[in-house]
There are 2 protein chains.
Amino acid sequence: MDSVTRILNIAEVRMRRVGYNAVSFRDIAAEMGIKSASLHYHFPKKENLGAALVQRYSENFMALLNTRTDSITDPAEKIAAFTRIYRDSLGENQMICLCAMLGAENSSLPDGVSTEVRAAIADQINWLARQYQAIGQADPVAAAQTMIALLQGAMIQSGLYGNADPFRAAEKQIASSLNC
Amino acid sequence: MDSVTRILNIAEVRMRRVGYNAVSFRDIAAEMGIKSASLHYHFPKKENLGAALVQRYSENFMALLNTRTDSITDPAEKIAAFTRIYRDSLGENQMICLCAMLGAENSSLPDGVSTEVRAAIADQINWLARQYQAIGQADPVAAAQTMIALLQGAMIQSGLYGNADPFRAAEKQIASSLNC
DNA sequence: GTCTATACGGTGATAGAC
DNA sequence: GTCTATCACCGTATAGAC
């Protein structure tokens, strides 16, 4: 595995746990067993690392989303698959998704990172809105926004309590609203 | 207005905008026109300031909540009043509520602050759960958790876009679900 | 690619004068 | 209560050797 990938992997775990501001080059380097100066060879500035991380995160997310929903035709089922990715992403450690964490931190992020966060969320909303439109939702974009808000808020709550109960409660509500 | 109040006022605005970690004693002191050393007279450690801020925030919230809902008997109306406080709190500047911001940052917060955040959210959930129980919700706590998650997630989205559309979309969904 | 060495500002915090 | 002065640290970032 190449250095860039290893850096991004470590940065992802840490940033999802404590946020962008609380992660340092020194921490990441220490975990890799190298020096922080070496990180600057791959990512000149922290902003570059943050932007690249969000970009990779978003690409992986959309790719996984497409893979998992390619064979599904029912829009409601597609939406359910979307929430399942969020659940899997929460994992056993109640790791908040990157977009929720950096979304909260948004106004203290460097421009380059903030831009990528907005782009990543826009992709998700567009995808969701398309499904809601297929279902015949009156305001598909609003429905998509609300759904993202609920999932991200539920992740934060789950992180706060150290268990996935709040997230599961949110999932149930989504499931029941789709059966209406 | 006494110094402690002024400090807390400034800290609240800043922490709701950029989070706990991105706020410094120096920033607050500069805005007050004093030196950071003076802040330590009122709050020996940053953790003390954070904890006191969340405590005050929660007390004010619950007090306002009770004032606004005292004369309301219908539980669904009470819940609507709850969401209205969140909306007012979002304000014109899309200022994320303190609990959502610190909730996201939770795992990088000092214990004293983290504890207060959990206590504050627990109060809100208890209050909401009581209303949902009065309505006859099957799982009142889950409903309360989901509602808090949605409101907080919607605030983050609104902060991200710089407008209140995501929050309004969430409000609408809550309103319609209460009329079911 | 990674190292050592280093610069330099920011940060929480303390001691002691006023 | 607020000041000055100072501390020890941590943060990003750079230069140049290997």
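Every chain is numbered from 1, with letters handed out A, B, ... down the list of sequences.
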Considering only distance and modelled atom types, tabulate donor-acceptor pairs under 3.5 Å from the side chains of residues 70-83 of chain B, sequence neighbours left out.
residue: B:Asp74; atom: OD1; partner: B:Ala76; partner atom: N; Å: 3.3
residue: B:Thr83; atom: OG1; partner: B:Ala80; partner atom: O; Å: 2.8

Below the 4.0 Å mark, does C:dG1 have OP1 or OP2 next to a side-chain nitrogen or oxygen of A:Ser3?
no

Drop me the distance from B:Phe25's CZ to B:Ile7's CD1, to the nearest 0.5 angstrom.
8.0 Å

Go through D:dT12, C:dT2, D:dT4 for me and flag the one nearest to the A:Ser24 side chain.
D:dT12

With sugar-phosphate meaning primed atoms plus P, OP1 and OP2, does B:Val23 contact a base, only sugar-phosphate, or nothing at under 4.0 Å between heavy atoms?
sugar-phosphate

With a 6.0 Å cut-off on ring centres, are A:Phe167 and A:Tyr161 close enough?
no

Distance, rounded to the nearest Å, where B:Lys35 contributes NZ and D:dC7 contributes C1':
17 Å

Flag if over 12 foreign heavy atoms under 6.0 Å of CG, B:Asp111
no

Any side-chain to backbone donor/acceptor pair from B:Asn66 onto B:Met62? Under 3.5 Å, distance only.
yes

Could you check how far CG of B:Asn21 sits from C1' of C:dG12, rounded to whole Å?
13 Å

If the condition is salt bridge (charged side-chain N to carboxylate O under 4.0 Å, His left out), which residues does A:Arg17 pass it with, not counting sequence neighbours?
none

Rounding to a whole Å, what distance do you find between B:Ile28:CD1 and D:dT2:P?
14 Å

Atom CG of A:Leu39 to atom P of C:dG1: distance rounded to whole Å?
13 Å

Looking only at the side chain of B:Tyr41 (C-beta and beyond, no hydrogens), which of the listed nucleotides D:dT2, C:dG1, C:dC3 gets closest?
D:dT2

Which pairs, protein N/O on one side and nucleotides 13-18 of chain C N/O on the other, fall under 3.5 Å?
residue: C:dA13; atom: OP2; partner: B:Lys46; partner atom: N; Å: 2.7
residue: C:dA13; atom: N7; partner: B:His40; partner atom: NE2; Å: 3.3

